[in-house]
Visitor: 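Sharing a structure, written as C-alpha cells. Questions coming.
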Amino acid sequence: MAEERFDRFDFREAEPKWQQTWEKQQINKVTEDPGKPKYYALAMFPYPSGKLHMGHVRNYSIVDVIARFRRMKGYNVLHPMGYDSFGMPAENAAIQKGISPAVWTKANIAEMTEQLKQLGYSYDWDRAVYTYRPDYYKWTQWIFQQFYKNGLAYKKTAPVNWCPSCATVLANEQVEDGECWRCGSTVTKKDLSQWFFKITQYADELLNDLNQLQGWPERVRLMQENWIGRSEGAQLDFSVPAVGEKLTVYTTRPDTVYGVTFVVVAPEHPLVERLIEGGHIPTATVEQVRAFQEKMKGQNEITRTSTDTEKEGVYLGVDVINPFNGEKAQLWIANYVLMEYGTGAVMGVPAHDQRDFEFAKKIGLPIKVVIQNPEGNLDATTMTEAYTEAGSMANSGPFDGTLNEEGKAKVAAFAAEQGFGQGKVNYRLRDWLVSRQRAWGAPIPMIYCDDCGTVPVPEDQLPVLIPDDLDFSGQGSSPLARHEGFMNCACPQCGKAAKRESDTMDTFVDSSWYFLRYTDAQNGDQVFDKEKAAHWLPVDQYVGGIEHAILHLLYARFFTKGLRDCGYLTIDEPFKALLTQGMVCLDGTKMSKSKGNIVSPEEMIAKYGADACRLFIMFAAPAERDLDWTDAGIEGAYRFVNRFYRMVMSAIPTIHHARSLLPVQTGNMAAMMGALTMGELAEGLAKATTLTEADKDLRRITHATLKKVTIDLYERFAFNTAISGMMELTNAIYAYREKVAEAEQNTLVIAESIQTAVLMIAPFCPHLADELWHKLGFPTSIHLEPWAQYDEAVAQAQTVEIVVQINGKVRDRLDVAAGLNAAETEAAAMASPKVQEMIAGKQVAKVIPVPGKLVNIVVKG
RNA sequence: GCGAGAGUGGCGGAAUUGGCAGACGCGCUAGACUUAGGAUCUAGUACCGUACGGUGUAGGGGUUCGAGUCCCCUCUCUCGCACCA
C-alpha cells in the first residue's frame with residue numbers, strides 16, 4: 001500500500017480530483033425549485049483580457065463563499081459566470097497583431113475559464129453567457145429595438161464626446177476628468193448624429209428608488225444621487241429688445257430675481273450668433289467675442305470648468321429686460337456658464353451668488369441686495385462675499401418681507417401666471433450615448449432607406465451579424481462601415497437598396513442585462529422566459545468593484561426599469577444588495593500591469609493551492625477594504641490549511657473507533673464507512689452524562705464559534721472574523737487533545753468539534769473540506785450537506801468572568817454564574833474580600849452593575 | 001471648495017449594543033522534537049517600569065460611573081463631485 005501523506009494537504013492531487021468529481025456529479029447545476037427559497041449570488045463578470053488577476057480572485061472568492069454558504073443553509077442558489085466579451089482590446093489585438101477579435105476573445109475565455117475551474121468556484125457553467133456570441137447579441141439587438149419602439153432609443157445630432165485615440169464617441173459617464181476612461185486621451189467635442197438611450201426619462205425614478213436600496217453602500221447611492229444631480233428651480237424669460245426674442249434662464253434661486261444686475265450666456269449660445277448676424281453688437285466687440293469663443297474652444301473642459309479658473313467674459317453691448325421689474329441688465333458671455341446645463345443662460349445676482357459676486361466685483365457691475373439677513377444689516381457697498389443664507393425678500397416689489405424659502409415657489413408661480421416663466425426641475429444626468437464607431441460590438445440593428453427613413457431590422461432577421469472577414473488595417477472609418485457586404489442591404493419596408501447602421505453599441509449595453517440572461521441563458525426563442533426571470537430576480541447579492549458605482553450600476557438599473565415598462569420584467573430594481581470589494585494592492589498601490597506590481601494567481605495556486613489562496617484573500621482584510629498582498633500572509637494561510645488538515649486526519653481513527661461502538665442501521669452508508677452523522681452526534685451528546693469541564697468547554701467553543709461564523713456569513717459578510725473564529729476553534733481543539741489525557745478525551749465531543757469545523761470551512765476551502773469529509777467516511781460531497789446547527793444553550797458559558805472596577809480601574813476579576821441579574825451581580829462583586837479591602841474606610845457613592853460584564857464601584861475620599 | 005470614508009502594536013487587522021483595547025494572523029524571541037529545518041509543536045510578544053503600578057486607539061476639548069465607540073474643534077490620508085446657475 002502506498003504511503004499516505006499525513007502531515008500535509010496534498011492540494012496538487014486533491015484539488016483537481018474534487019473539481020472533476022463535482023463536474024461529473026453536476027453538483028453546481030441549478031434549476032428552479034419551488035420547494036426552497038431562492039438566492040441569486042452574482043459577481044461582476046470579467047472582460048476576457050487574458051488571465052485572471054487577483055482582483056478577480058477576490059471578487060469571485062467572496063461570491064463563492066456566499067453561494068456555498070447559502071446552499072448549505074438550504075437555499076436554491078443561482079451562481080453563474082460569463083464574459084463581457086465585446087470591446088476595444090480584442091479589436092486592438094486585431095489591428096496590432098492581425099488576429100481576429102473572435103479568435104483572440106475565445107482563446108482568452110478558454111484560459112480564464114480554466115483558471116476559474118482551478119479555483120474551485122461553484123458556477124453552473126450551463127448558464128454561462130458570452131456577450132460576443134450571436135446567440136447573446138441577438139437579444140442585445142432585440143432589446144435595442146424594444147427600446148426604440150417604446151421611445152427609449154432615438155437618434156439625434158449633438159455635440160458629443162470624442163476620443164481621438166479610440167476613434168469613437170463616448171458616453172458622459174465614460175469621460176473622467178476630461179479623459180477617455182479606457183485610454184486616457186483628452187476627449188474633444190464633435191457634432192455627430194448618434195443613437196441615445198433615454199435614461200433621463202427615468203431620472204426621477206432612478207433617484208427616488210435609491211431609497212429602496214438599503215442593501216447598497218451609502219457612498220454608492222450618494223455617487224449616483226450626485227450623478228443624477230436633480231435641482232429644483234425655475235425658468236424665467238428675460239426679453240432681448242434688440243432682436244425681439246426671449247432669453248430663458250434657469251435658476252435655483254427665483255427668490256433673488258429682483259437682484260439681477262446682469263445676465264450671462266455661454267459663449268456658444270445661439271443668441272450670440274443671432275445678435276451678431278443682426279448687427280446688434282458693435283464691430284469691435286464682435287472681434288472680442290470671436291476671440292473669446294476661440295479661446296474657450298482651445299481650452300479643455302477641465303480648465304474651463306474648474307473652480308480655480310478665474311472668471312472672465314465679454315460684454316456684448318446689448319441689454320436684456322428683467323420681466324419682474326422692467327430693469328435693464330447687461331448681457332455678457334463668460335467662461336463659467338456652460339451650454340450643456342440648464343438653458344445655457346444664467347441671471348447674475350451678485351449679492352446672493354458667490355460666482356456672480358466674484359464676476360461683478362472683477363468687472364465692476366452693480367450689486368443689489370434683495371435678501372435681507374435676520375439682523376437686517378446687509379449692505380451692498382460693504383459686502384465681501386455673497387449672502388447665500390436664508391432671509392427675507394427686499395427690494396422685490398410685491399414680495400417684500402416674504403421669507404426667501406417660501407418666495408422661491410411664489411416667484412415661480414407669479415412668473416407662470418404672468419406668462420414669463422415657470423417652475424422647473426433640472427438634472428445633470430444626460431441621455432446615454434450608445435453608438436460606437438467600432439466593429440467589435442453588437443451592431444445597431446437599424447437600416448436607413450432613402451424613401452422610408454430609419455427602419456428597424458425585422459425581428460426574424462436578427463441577429464445582424466458581424467462579418468467575419470472585416471478589414472482591421474485601421475484606416476479611416478470603422479471596419480464595419482468599410483465592409484460593402486455588410487453595409488448594403490434591402491429596405492425591409494420597400495425592398496429598395498438601403499444602408500445599414502455602421503455603428504455598434506457601447507459594451508456597457510451588453511453588460512446592462514447579462515444578469516437577466518443568466519436566469520434563462522440557453523433560451524433560443526426569447527430574451528428570457530418571463531417566469532424564470534421573475535423567479536430568480538432580483539439579484540440578492542451583487543459583488544464587484546467600486547469603479548462601477550456609476551457607469552454599469554446606473555445603466556443596469558435603467559435597463560431593468562426600461563424592460564419593466566416594455567413588459568418583460570416585474571421588478572423595479574435589479575440588485576437588492578451590493579458589496580463593493582476593495583482593491584488588491586502590493587506595496588500599498590493597486591496591482592496593475594502597467595506598474596508591474598503583479599502577483600499572479602496562477603503562480604500562487606501552483607505554489608500554495610486554490611484553497612490557501614482563497615483563504616488568504618478572504619482573511620487578510622474586510623471585504624470592502626483594500627487588501628495588501630503579502631507573501632508572508634499567504635504562507636500563513638497555507639500553514640493553517642495544513643494545520644487544519646493534520647487536526648482532522650489525526651482525529652479520524654478516534655472518530656471511527658467511536659462509530660464502531662454504536663449500532664449501524666442497514667443502508668446507512670456513512671455509518672458503514674465509519675462516519676458519525678451530525679444528527680447522531682447531537683443525539684449522543686444530548687444523552688451524555690459524563691462530560692468533564694474540558695469537554696463542556698470544547699463543546700461551548702464549538703457551538704459559540706458556529707454561531708459566530710453563521711452570523712458573520714449571514715448578516716455581516718465579515719469573512720475575516722469568521723476565519724479568525726475558525727482558527728480559534730482549531731487552536732482550542734489542539735489544546736484539548738494536548739492537555740486532556742488520552743483516556744479522558746471524549747470521542748463524541750472531538751467528533752462534533754472536528755466535523756463542525758470541517759463544515760464551516762467548506763465554503764472557504766471547498767477542496768480541503770470535501771477531502772476531509774470523504775476521509776471522515778462520508779460517501780457524498782460535503783457541499784450537499786446542510787450547515788451545522790448551533791445549540792444556544794451549549795454555546796452559553798455556565799460561568800462568566802466579571803470585572804470589578806473601582807472608579808473605572810480594574811481591581812478584581814470574579815467567576816460568577818451566568819445569567820445573574822443586576823442586584824445579584826452587584827452582590828457578588830461586593831462580597832469579594834479584595835474589593836472590601838480596597839473600599840474599606842471609603843464612601844461608596846454609587847455602584848453600577850452590568851450583568852455578565854462588570855461592576856463599577858464609585859468611591860469618594 | 002463640497003460630499004463620503006478612514007486614522008488602533010513592528011505589520012494586516014479585532015473589539016457587532018458606550019462596559020476588560022489589541023481577538024486572529026504575520027513578524028519577532030525562547031524552548032521542545034530533529035542528522036538538519038525556512039517543517040511541526042509549546043510558551044512569550046502594546047508602551048514605560050526590576051516590581052507595586054502607570055500610560056495608551058491621529059491631536060485637543062466635552063458628555064458619562066465608564067469613551068476606540070457619542071458630541072465639538074483641529075490635523076493627516078483615501079475616494080467621489082467639482083463654476084450645474
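Each chain gets a letter, A, B and so on, in the order its sequence line appears, and its residues count up from 1. As a basis for the values below, the full set of heavy atoms in this structure was taken, side chains included, without hydrogen atoms, waters or symmetry mates.
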Visitor: With a non-hydrogen cut-off below 4.0 angstrom, is Leu222(A) in contact with a base, only sugar-phosphate, or nothing?
Guide: sugar-phosphate

Visitor: Could you pick out which residue, Ala620(A) or Glu635(A), lies toward the 5' side of RNA chain B when each is mapped onto its nearest nucleotide?
Guide: Ala620(A)

Visitor: Taking the same atom, P, in G13(B) and in A58(B), what whole-Å distance lies between them?
Guide: 15 Å

Visitor: Can you tell me how far P in C84(B) sits from the matching atom in U64(B), rounded to whole Å?
Guide: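 Going atom to atom, P in each nucleotide, I get 43 Å.
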
Visitor: Would you indicate what Asn426(A) reaches in the nucleic acid, counting non-hydrogen atoms under 4.0 angstrom: base, sugar-phosphate, or nothing?
Guide: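 Nothing: the residue Asn426(A), judged by heavy atoms under 4.0 Å, touches no strand.
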
Visitor: Hey, does Asp628(A) reach any base, or is it just sugar-phosphate, or nothing, if we go heavy atoms under 4.0 Å?
Guide: nothing

Visitor: Among the candidates A15(B), C81(B), A85(B), find the nucleotide nearest to the side-chain atoms of Thr721(A).
Guide: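 Closest of the options to the side chain of Thr721(A): A15(B).
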
Visitor: Which of these nucleotides, C84(B), U16(B), A23(B), is closest to any side-chain atom of Arg716(A)?
Guide: U16(B)

Visitor: Quick check on RNA chain B: between Lys846(A) and Ile711(A), whose nearest nucleotide comes earlier from the 5' end?
Guide: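 Final value for this comparison: Ile711(A).
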
Visitor: Under a 3.5 Å cutoff, is there a donor and acceptor pairing between the side chains of Asn161(A) and Asn172(A)?
Guide: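 There is such a pair between these side chains.
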
Visitor: If anything within 90° of 0 is syn and all else is anti, what is G7(B)?
Guide: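 With its glycosidic angle more than 90° from zero, G7(B) counts as anti.
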
Visitor: Would you jot down, in residue-number order, the residues of residues 802-816 of chain A having a non-hydrogen atom under 4.0 Å from RNA chain B?
Guide: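 The answer is Val803(A), Gln805(A), Lys809(A), Arg811(A), Arg813(A).
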
Visitor: Check each residue of residues 729-740 of chain A for a non-hydrogen atom within less than 4.0 Å of any atom in RNA chain B, then write out the ones that pass by number, or none.
Guide: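 Going residue by residue through residues 729-740 of chain A, the ones with a heavy atom under 4.0 Å of RNA chain B turn out to be Asn731(A), Lys739(A).
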
Visitor: Ion pair present between Glu792(A) and Lys707(A), side-chain N to carboxylate O less than 4.0 angstrom?
Guide: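 A salt bridge is present here (some side-chain N lies under 4.0 Å from a carboxylate O).
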
Visitor: Please determine if a side-chain N or O atom of Arg643(A) lies less than 4.0 Å away from the OP1 or OP2 oxygen of A39(B).
Guide: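 Result: no.
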
Visitor: For a salt bridge (Lys or Arg N to Asp or Glu O under 4.0 Å) check, start with the C-alpha distance between Arg430(A) and Glu173(A), then their side-chain angles and the critical distance, and finish with the verdict.
Guide: CA-CA 9 Å; Arg430(A) 309 280 86 168; Glu173(A) 290 79 7; over 6 Å; no

Visitor: Say we look at C72(B) and A21(B): how far apart would their P atoms be, to the nearest angstrom?
Guide: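 Per the computed distance, 26 Å lies between those P atoms.
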
Visitor: What is the distance, to the nearest angstrom, from the OH atom on Tyr250(A) to the P atom on C84(B)?
Guide: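 About 12 Å, once rounded to whole Å.
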
Visitor: What's the CE-P distance between Met727(A) and G13(B), to the nearest Å?
Guide: 15 Å

Visitor: U40(B), OP1 or OP2 - any side-chain N/O from Asn642(A) closer than 4.0 Å?
Guide: no

Visitor: Taking G12(B) as the reference, what is the distance to A23(B) when you measure between their C1' atoms (whole Å, please)?
Guide: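 The same atom, C1', in both gives a distance of 13 Å.
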
Visitor: Could you tell me whether Arg219(A) contacts a base, only the sugar-phosphate backbone, or nothing, with contacts defined as non-hydrogen atoms closer than 4.0 Å?
Guide: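 Here Arg219(A) touches the backbone only, sparing every base.
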
Visitor: Return the nearest nucleotide to the side chain of Glu728(A); candidates are G25(B), A23(B), G19(B).
Guide: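 So the nucleotide nearest the side chain must be A23(B).
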
Visitor: Determine the interatomic distance between P on U16(B) and the same-named atom on C70(B); round to the nearest Å.
Guide: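 Straight-line distance between the two P atoms is 11 Å.
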
Visitor: Can you give the dot-bracket line for RNA chain B, where a pair is Watson-Crick or G-U wobble with both atom distances under 3.5 Å, crossing pairs use [ ], and | marks a partner on another strand?
Guide: (((((((..(((......[....)))((((((.......))))))(((....)))..(((((..]....))))))))))))....

Visitor: Aromatic rings Phe262(A) and Phe359(A): how do their planes relate, parallel, tilted or perpendicular, breaks at 30° and 60°?
Guide: tilted

Visitor: Is there a side-chain contact between Arg639(A) and the phosphate of C26(B), meaning an N or O under 4.0 Å from OP1 or OP2?
Guide: yes

Visitor: To the nearest angstrom, how far is Glu624(A) atom CD from U16(B) atom P?
Guide: 15 Å

Visitor: Relative to the ring of Tyr645(A), is the ring of Phe9(A) parallel (under 30°), tilted (30 to 60°) or perpendicular (over 60°)?
Guide: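 Correct class here is tilted.
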
Visitor: Whether Ser231(A) contacts A85(B) is assessed here as follows: a side-chain N or O lying under 4.0 Å from the phosphate OP1 or OP2. Is that the case?
Guide: yes

Visitor: Scan Glu801(A) against the nucleic acid and name what it touches under 4.0 Å (heavy atoms): base, sugar-phosphate only, or nothing.
Guide: base

